[in-house]
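A short write-up of the structure that comes next.
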Amino acid sequence: MNKRSEAVNRALDRFLPPSTAKPATIHKAMRYSLFAGGKRMRPALCLAAAEACGGREEDAMPLACAVECIHTYSLIHDDLPAMDDDDYRRGKLTSHKVFGEGIAVLAGDALLTQAFEIAAQSRGWPRYSHQQIILELTRASGSLQLIAGQVADLEGEGKRVSAKQLQFIHERKTSALLSCSVRLGGMSANCTAAQLKSLTDFGYHVGLAFQVIDDILDVTQSSEQLGKTAGKDTAAQKATYPAIVGLERSRAIARKLTNKAFAALRPFKGKAGSLEMLAHFLLERQN
Ligand code: GRG
């Protein structure tokens, strides 16, 4: 993972305008959040999915970087005072704390746009055209998925949210982009329809497990460990798995979802070792 993370950082550095490009403030702000030390889980999943389908890292890399840009944009905007209002992210001050709210909004906008510029530089594959790649990214990040999850999350604050509504939020806010990451990895290897179906199934379950674990970590870990303010979900009366079903049941749900993700990889007959390792890492992670 560390080796892949370094390769992703080098590629992101190549794809992004230099911090000296005018106006320097926006490029500094984009790079500040992008290189603040994220786990690079989505690129790792994308590259591992490509590997499972016999693809090459260099073909998957633009798509892995595009997804990371979308993810970072969503974090910058989520931390804004108008949303979750957080001072720390990835162990550093949030974008609006360093650059002010206006530039933070624009840095998020610029990273979202940058994602499509990077994805458009992928090579295109016999089964998956650029159009399909762009559609994949727009669907995962649009008003029916990522933004839908964020809206439902905002509207659910301080209200009683059922387990079903919580799943709706998690599927969109978290699982959609994780699923998109593995699907794009498969597409970059020109995967078959059957492989894409297995990857989708894997991404959906691993994505949900990821968010259940995120909810658990918010109440069990310190702010130092998380690199962001711990206990915020409880303070904001947010709907989370531990709040609705308790910690022990939440842990059992995360294990069950991870097992379903493992099951989705069976058709790869041992070629999806990196994806299995990542699912295991996500279940056991402490931040
Ligand atoms: C503003 C459109 C918009 C969406 C925001 C990302 C997000 C949606 C909200 C942030 C809060 C949150 C709990 C989101 C769920 C996804 C998630 C767990 C993000 C954190 O991902 P990590 O742990 O972060 O992979 P790093 O920093 O390691 O990349």
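When a ligand or atom number is given, it counts from 1 through the structure's own listing order.
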Numbering as shown, the atoms of ligand 1 that approach [X] to under 4.0 Å (heavy-atom distance):
| X | value |
| --- | --- |
| Asp214 | 13 (C), 18 (C) |
| Gly38 | 26 (P), 27 (O), 28 (O), 29 (O) |
| Tyr73 | 2 (C) |
| Asp78 | 1 (C), 5 (C), 9 (C), 10 (C), 11 (C) |
| His77 | 1 (C) |
| Lys173 | 8 (C), 12 (C), 13 (C), 14 (C), 15 (C) |
| Thr174 | 15 (C), 16 (C) |

Between Arg183 and Tyr128, is NZ or CZ placed under 6.0 angstrom from the six-membered ring centre and within 45° of the ring axis? no
Does the structure place the NZ or CZ of Arg172 under 6.0 Å from the centre of the six-membered ring of Phe168, at an angle of no more than 45° from the ring's axis? yes
Please report the interatomic distance OH(Tyr204) to NZ(Lys260), rounded to the nearest 0.5 Å. 8.5 Å
Just to be sure I'm reading this right: ignoring hydrogens, which of Gly149, Ser74, Ser175 gets closest to atom 6 (C) of ligand 1? Compare them by their nearest heavy atoms. Ser74
Proximity winner for atom 29 (O) of ligand 1, if only heavy atoms of Gln150, Arg90, Arg40 are counted: Arg90
What is the closest protein heavy atom to [atom], and at what distance does it sit?
| atom | answer |
| --- | --- |
| atom 20 (C) of ligand 1 | His71 CE1, 3.9 Å |
| atom 15 (C) of ligand 1 | Gln211 OE1, 3.0 Å |
| atom 23 (O) of ligand 1 | Lys39 NZ, 2.6 Å |

Is there side-chain contact between [X] and [Y], with heavy atoms separated by less than 4.5 Å?
| X | Y | value |
| --- | --- | --- |
| Leu75 | Ser33 | no |
| Phe262 | His280 | yes |
| Cys53 | Leu199 | yes |

Sub-4.0 Å heavy-atom contact, Arg42 with ligand 1: yes
Taking Ile118 as the starting point, is it possible to reach Phe116 by hopping between hydrophobic residues whose side chains are less than 4.5 Å apart? no
Is it the case that one hydrophobic cluster holds both Met61 and Leu16, taking links as side-chain heavy atoms less than 4.5 Å apart, direct or via other members? yes
Are the charged groups of Asp86 and Lys97 less than 4.0 angstrom apart, N to O? no
